[in-house]
K.L.:
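Before we start, here is the structure in question, set down as structure tokens.
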Amino acid sequence: PGDAYALQVGSAIKAPQENLPKARAAAERALQLDADSPEAHATLAHILWLSWEWEGAENEFRRALELSPNSAKSRSRYSIYLSSMGRHDEAIAEANRAVELDPTSFTISQGVERAFYFARRYDDALAASDKTLELSPNALSINSWREMAFEQKGMRDEALETRFRVLALRKLPPELIEDLRKTYREAGWRAFWQKEIDRKKKQAAESRLYVLPYNFARDYARLGDREQALAWLEKCADERSDHLTLVMVDPIFDPLRDDPRFAALLKRIGMN
């Protein structure tokens with residue numbers, strides 16, 4: 001149950017604070033029943049990470065791996081924790097070890113490209129994604145990491161073509177995808193992202209689903225709108241968004257790092 005609740009944190013179903021307490025209670029209950037359960041320690045580690053309890057998360061990850069050193073899932077999750085802390089060489093090593101333990105899992109395999117992406121090794125991230133796509137060519141997450149690696153390399157055409165593929169996999173109507181493609185072709189990068197923001201806001205209003213503020217923060221950062229990007233990041237902090245765990249290393253926010261408000265945000269979540 002702890003894993004199930006944790007996976008819903010930051011989803012488009014409920015705001016993160018609705019599930020974090022339930023996830024933590026379930027994991028702690030599991031450890032009361034079996035203090036040496038590696039799965040329960042790994043789940044609690046993940047939940048503590050989502051809760052910005054960085055030291056506690058690392059202690060739990062280490063305990064989980066001490067009890068079950070050959071757990072690919074635990075090593076993959078530890079890898080993303082290490083990435084979020086800026087410990088990129090360790091993150092890449094753990095991601096590669098996880099793949100060695102479970103080479104047929106695309107979920108595990110994508111951890112390698114993710115670790116390379118946050119380390120700003122974009123060519124390596126794309127090479128890793130080539131391998132992962134062989135396991136699951138239509139996986140949304142794999143294509144999304146690929147899109148962002150292209151973007152950071154300045155390959156905007158390739159980035160957006162990958163994004164259009166992601167939108168198609170998400171069942172966005174073909175005519176809307178073509179309209180977005182036309183906007184980029186005729187008006188450029190900034191016009192495309194403004195249209196994406198407008199589309200997502202309209203979709204959220206019509207569906208009344210919870211919207212990830214982190215996604216809007218990223219989109220405004222792409223536009224170069226510092227005020228809106230920082231405002232949405234503050235909303236992330238207010239909601240304890242799980243995505244905010246990666247804000248210290250997300251390349252999309254590099255243009256904001258000289259702003260005192262960004263430094264204050266990192267301090268607020270214990271990363272500075």
Side-chain angles (χ1 to χ4, degrees), residues 3-4 6-12 39 42-43 45-46 49-50 61 64-65 68-172 177 212 214-215 218 222 242-243 245-252:
D3 251 358
L7 289 173
Q8 291 183 46
V9 174
S11 72
E39 294 83 6
T43 297
H46 186 62
W49 177 63
L50 298 177
F61 274 125
L65 290 170
S68 182
N70 292 327
S71 170
K73 183 178 178 180
S74 293
R75 290 197 177 277
S76 184
R77 283 187 169 182
Y78 186 38
S79 170
I80 192 171
Y81 165 84
L82 290 167
S83 286
S84 73
M85 296 290 105
R87 294 158 59 183
H88 299 300
D89 290 345
E90 294 174 78
I92 292 165
E94 288 293 343
N96 280 320
R97 178 59 179 144
V99 171
E100 291 173 3
L101 292 167
D102 189 355
T104 63
S105 168
F106 85 86
T107 303
I108 298 297
S109 182
Q110 74 177 354
V112 178
E113 64 189 280
R114 181 179 61 209
F116 279 132
Y117 173 76
F118 287 120
R120 290 156 174 74
R121 291 172 56 178
Y122 304 121
D123 288 332
D124 290 329
L126 289 168
S129 74
D130 287 340
K131 297 179 181 179
T132 309
L133 284 171
E134 294 175 6
L135 297 172
S136 185
N138 293 325
L140 285 168
S141 54
I142 299 168
N143 283 282
S144 293
W145 289 114
R146 198 171 168 79
E147 172 201 340
M148 292 187 292
F150 279 131
E151 177 184 353
Q152 293 304 315
K153 281 174 61 65
M155 300 170 67
R156 291 180 170 180
D157 291 352
E158 292 83 353
L160 290 190
E161 279 306 316
T162 308
R163 184 171 189 82
F164 297 141
R165 174 173 172 75
V166 169
L167 294 175
L169 290 170
R170 287 177 174 162
K171 309 300 182 185
L172 196 73
I177 296 174
L212 292 173
Y214 195 83
N215 289 345
R218 281 178 151 216
R222 288 171 166 122
D242 64 319
H243 287 73
T245 53
L246 297 167
V247 71
M248 186 173 76
V249 293
D250 192 334
I252 287 175

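We're numbering straight along the sequence, starting at 1. Basis for what follows: all heavy atoms, side chains included, without hydrogens, waters or symmetry-related copies. From a predicted model like this one, the values you see are computed outputs, not experimental measurements.
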K.L.:
Identify, with sequence neighbours excluded, every residue that meets side chain to side chain donor-acceptor pair (under 3.5 Å) alongside Ser79.
P.N.:
none
K.L.:
Backbone N or O of Ala95 within a donor-acceptor pair of the Arg97 side chain at under 3.5 Å?
P.N.:
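Not confirmed, Arg97 side chain does not pair with Ala95 backbone.
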K.L.:
Once you round to the nearest 0.5 Å, how far does OG1 of Thr162 lie from CG of Leu160?
P.N.:
8.5 Å
K.L.:
Just by distance, with hydrogens left out, do Asn70 and Arg75 show a side-chain donor and acceptor under 3.5 Å apart?
P.N.:
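Asn70 vs Arg75: no donor-acceptor pair found between side chains.
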K.L.:
Do you know the tightest heavy-atom contact between Gln110 and Ser141?
P.N.:
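Scanning both residues completely, I find the closest heavy atoms to be OE1-OG, 2.5 Å.
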K.L.:
Do the side-chain N and O atoms of Ser129 and Trp145 include a donor-acceptor pair separated by under 3.5 angstrom?
P.N.:
no
K.L.:
Taking all non-hydrogen atoms of both residues into account, name the closest pair between Ser76 and Ile108 and its distance.
P.N.:
CB-CD1, 3.8 Å
K.L.:
Can you name the closest pair of heavy atoms from Ala64 and Ala42 and give their distance?
P.N.:
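Of all heavy-atom pairs spanning Ala64 and Ala42, the closest is CB-N, 3.6 Å.
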K.L.:
I'd like to check the side chain to side chain contact (heavy atoms under 4.5 Å, CB included) partners of Asp130; sequence neighbours left out, ordered by chain and number.
P.N.:
Arg146
K.L.:
Does any part of the side chain of Leu133, heavy atoms only, come nearer than 4.5 Å to the side chain of Leu135, both counted from C-beta?
P.N.:
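Not in contact.
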K.L.:
Within this structure, what is the CD-OG distance for the pair Glu39 and Ser68, rounded to the nearest 0.5 Å?
P.N.:
6.5 Å
K.L.:
Look up atom CG in Leu126 and atom CE in Met148, then write down how far apart they are to the nearest 0.5 Å.
P.N.:
11.0 Å
K.L.:
Within this structure, what is the CE-CD distance for the pair Met85 and Glu90, rounded to the nearest 0.5 Å?
P.N.:
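Here the interatomic distance stands at 11.5 Å.
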K.L.:
Looking at side-chain heavy atoms only, is the closest gap between Ile80 and Glu94 below 4.5 Å?
P.N.:
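Side chain of Ile80 against side chain of Glu94, heavy atoms only: no contact under 4.5 Å found.
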K.L.:
Starting at CG of Asp250, measure out to OG of Ser83 and round the result to the nearest 0.5 Å.
P.N.:
11.5 Å
K.L.:
Is the ring pair Trp49/His46 parallel, tilted or perpendicular, if the boundaries are 30 and 60 degrees?
P.N.:
tilted
K.L.:
Over all heavy atoms of both residues, which pair between Thr132 and Phe106 is shortest? Give the atoms and the distance, please.
P.N.:
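That would be CG2-O, 3.8 Å.
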K.L.:
Calculate, to the nearest 0.5 Å, the distance between atoms OG1 and NZ belonging to Thr43 and Lys73 respectively.
P.N.:
6.0 Å
K.L.:
Between Ala115 and Ile92, what is the shortest heavy-atom contact and its length?
P.N.:
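The pair with the smallest heavy-atom distance is CB-CG1, 3.8 Å.
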K.L.:
Test your reading of the model: is there a side-chain donor-acceptor pair from Asn143 to the backbone of Ala139, 3.5 Å cut-off?
P.N.:
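Yes.
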K.L.:
Using modelled atom types only, decide if a donor and an acceptor are shared between the side chain of Ser109 and the backbone of Ser105 within a distance under 3.5 Å.
P.N.:
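Judged by distance alone, no pair lies under 3.5 Å.
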K.L.:
Test Lys131 against Val112 for side-chain contact (heavy atoms from CB on, under 4.5 Å), laying out the working first.
P.N.:
CA-CA 10 Å; Lys131 297 179 181 179; Val112 178; over 6 Å; no
K.L.:
Could you tell me which non-hydrogen atom of Leu167 sits nearest to which non-hydrogen atom of Ile177, and how far apart they are?
P.N.:
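Where Leu167 meets Ile177 most closely, the heavy atoms are C-CD1, 3.9 Å.
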K.L.:
Any sub-3.5 Å donor-acceptor pair from Ser144's side-chain atoms to Leu140's backbone N or O?
P.N.:
yes
K.L.:
Does some side-chain heavy atom of Arg222 sit less than 4.5 Å from a side-chain heavy atom of Glu151?
P.N.:
yes
K.L.:
Pair Tyr117, Tyr122 - check ring-ring contact (aromatic ring centres under 6.0 Å, His included), show working.
P.N.:
CA-CA 6 Å; Tyr117 173 76; Tyr122 304 121; 5.8 Å; yes
